[in-house]
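Here's the structure we're looking at; comments come further down.
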Amino acid sequence: MTCWRSMLADPRIARLITLISAALQPPAGTGRIMLALLMGAVCHLLFAAAVLAMIAAMFFGLSESFGTVPWPWAALANAALIAQFPLAHSFFLTLRGSTFLTRLIPGPHGATLATTTYAIIASAQLLALFALWTPSGIIWWRAEGAAFWAISAAYAVSWLVLIKASFDAGAEVQSGALGWMSLLARIRPVFPDMPTRGLFALIRQPIYVAFALTLWTVPVWTPDQLALAVSYTAYCLLAPRMKERRFARRYGAEFARYKADVPYALPRLKKDKSHAQ
């Protein structure tokens with residue numbers, strides 16, 4: 001009973017329960033309800049398809065996909081597929097990009113649906129990357145025997161860490177549910193506070209670190225996987241700098257204290273004296 005109360009007191013869970021409870025009792029408004037449900041269905045179907053495509057494609061080192069662009073043009077097509085996600089992802093996190101997102105849905109609900117619209121676009125981009133990739137046909141190394149099972153386990157753990165980090169950051173935002181559920185309930189979207197719990201208590205950027213881990217714990221290595229891993233690892237190390245500038249403007253001294261106390265990407269093995277004080 002005490003454990004259950006403790007879970008309900010966790011703001012990460014309490015927010016979800018409040019949002020879901022409100023969405024289950026939507027005020028009248030057929031058009032609004034239909035739009036919310038349609039956006040939710042599109043968002044979560046695309047999100048699931050993108051995650052499954054990513055897990056499967058990287059597990060085989062991008063050696064299996066549906067892209068058929070002839071070489072050498074395939075190299076340009078694959079480079080464009082790699083570039084399109086981080087470029088759009090970064091743009092939509094800017095003020096101009098967020099304004100653009102609110103205008104993509106005509107009518108009065110664009111701002112409420114912004115997180116759902118963002119998740120739909122990001123999912124479509126990832127699905128395009130992994131479904132339309134044109135494999136080089138070159139396999140450098142494929143794990144076998146005990147190595148295969150060990151690396152596969154590490155790959156699974158990396159994905160579990162990514163899921164945990166996404167939950168700690170706010171599952172409703174990361175999945176796109178915040179927008180369409182808020183519209184369904186006809187309430188203003190309530191964003192989570194600056195994340196400091198769970199994995200965010202160890203490092204400031206656990207989502208990006210976990211995503212990078214998924215890139216390097218695959219049992220099949222090809223030139224394709226190496227290109228993806230190098231490109232997106234660089235993005236995972238550099239892109240959060242922009243996020244931290246936004247956090248510094250939004251949270252001020254609170255973020256400054258958090259930044260001084262929690263390392264960027266590698267957890268401290270032992271707190272130093274100044275940190276302990």
Side-chain angles (χ1 to χ4, degrees), residues 41-93 116-166 174-176 207-239:
V42 172
C43 175
H44 297 311
L45 285 173
L46 269 178
F47 185 87
V51 171
L52 290 174
M54 183 177 175
I55 291 174
M58 291 204 304
F59 186 82
F60 295 103
L62 295 180
S63 62
E64 303 287 341
S65 190
F66 298 108
T68 57
V69 179
W71 291 87
W73 303 110
L76 294 177
N78 289 343
L81 287 172
I82 288 178
Q84 51 91 23
F85 178 75
L87 290 176
H89 189 75
S90 299
F91 169 70
F92 287 131
L93 292 176
T116 301
T117 306
Y118 179 85
I120 288 174
I121 294 173
S123 297
Q125 288 183 282
L126 286 174
L127 183 60
L129 167 59
F130 293 104
L132 301 180
W133 184 273
T134 300
S136 66
I138 302 171
I139 296 179
W140 284 334
W141 181 77
R142 189 190 303 272
E144 297 179 352
F148 171 81
W149 294 109
I151 295 172
S152 297
Y155 187 60
V157 169
S158 297
W159 275 100
L160 291 175
V161 172
L162 180 56
I163 293 171
K164 175 64 166 63
S166 299
Q174 300 298 317
S175 66
I207 292 180
Y208 286 96
V209 170
F211 180 58
L213 288 175
T214 67
L215 297 168
W216 294 98
T217 53
V218 298
V220 178
W221 276 98
T222 65
D224 315 58
Q225 182 66 27
L226 181 62
L228 183 75
V230 170
S231 301
Y232 278 11
T233 299
Y235 175 72
C236 287
L237 290 173
L238 299 176

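Residue numbers run from 1 in the order of the sequence given.
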- Item | Nearest heavy atoms of Ala128 and Leu81, plus distance in Å | O-CD2, 3.9 Å

- Note on the structure: Between Ile82 and Tyr232, the two heavy atoms sitting closest are O-OH, 2.7 Å

- Message: So Val230 and Trp216, do their side chains get closer than 4.5 Å, heavy atoms only?
- Response: yes

- Task: Give a yes or no on whether the backbone of Gly176 and the side-chain of Thr116 come within a donor-acceptor separation of less than 3.5 Å.
- Result: yes

Atom pairs and distances, donor-acceptor, side-chain atoms in residues 45-52, under 3.5 Å, two or more places apart:
none

- Message: Can you pull out every side-chain hydrogen bond (donor to acceptor under 3.5 Å, both in side chains) where at least one residue sits in residues 50-60? Sequence neighbours excluded, please.
- Response: none

- Message: Among residues at least two apart in sequence or on other chains, which ones pass ring pair (Phe, Tyr, Trp, His ring centres under 6.0 Å) with His44?
- Response: Trp180

- Task: Any side-chain hydrogen bond (donor to acceptor under 3.5 Å, both in side chains) involving residues 45-58? Give me the pairs, sequence neighbours left out, ordered by first then second residue.
- Result: none

- Message: The criterion is side-chain hydrogen bond (donor to acceptor under 3.5 Å, both in side chains); which residues satisfy it with Gln125, sequence neighbours excluded?
- Response: Gln84

- Message: Could you check whether any side-chain heavy atom of Met54 comes within less than 4.5 Å of a side-chain heavy atom of Leu127, counting everything from C-beta outward?
- Response: no

- Sequence neighbours left out, what passes side-chain hydrogen bond (donor to acceptor under 3.5 Å, both in side chains) with Tyr118? Give chain and number order. His89

- Message: Looking at Thr233, is its backbone amide N or carbonyl O close enough to the side chain of Tyr208 to form a donor-acceptor pair, meaning the two atoms are under 3.5 Å apart?
- Response: no

- Tell me the salt bridge (Lys or Arg N to Asp or Glu O under 4.0 Å) pairs involving residues 43-57, sequence neighbours left out? none

- Item | All pairs passing side-chain hydrogen bond (donor to acceptor under 3.5 Å, both in side chains) where residues 146-157 contributes a residue, at least two apart | Tyr155-Trp159

- Taking only residues two or more places apart in sequence, or in another chain, which ones meet Ser136 in a side-chain hydrogen bond (donor to acceptor under 3.5 Å, both in side chains)? Asp224

- Under the ring pair (Phe, Tyr, Trp, His ring centres under 6.0 Å) rule, collect the residues that match up with Phe60, sequence neighbours excluded. none

- Should we count CZ of Phe148 as having more than 12 external heavy atoms under 6.0 Å? yes

- Quick check: does any side chain N or O of Ser65 sit under 3.5 Å from a backbone N or O of Pro135, one acting as donor and the other as acceptor? no

- Query: Donor-acceptor pair, Ser123 side chain versus Ile120 backbone, under 3.5 Å?
  - Reply: no

- Pairwise side-chain hydrogen bond (donor to acceptor under 3.5 Å, both in side chains) hits with a residue in residues 71-80, at least two apart: none

- For Thr134, which residues count as a side-chain hydrogen bond (donor to acceptor under 3.5 Å, both in side chains) partner, sequence neighbours excluded? none

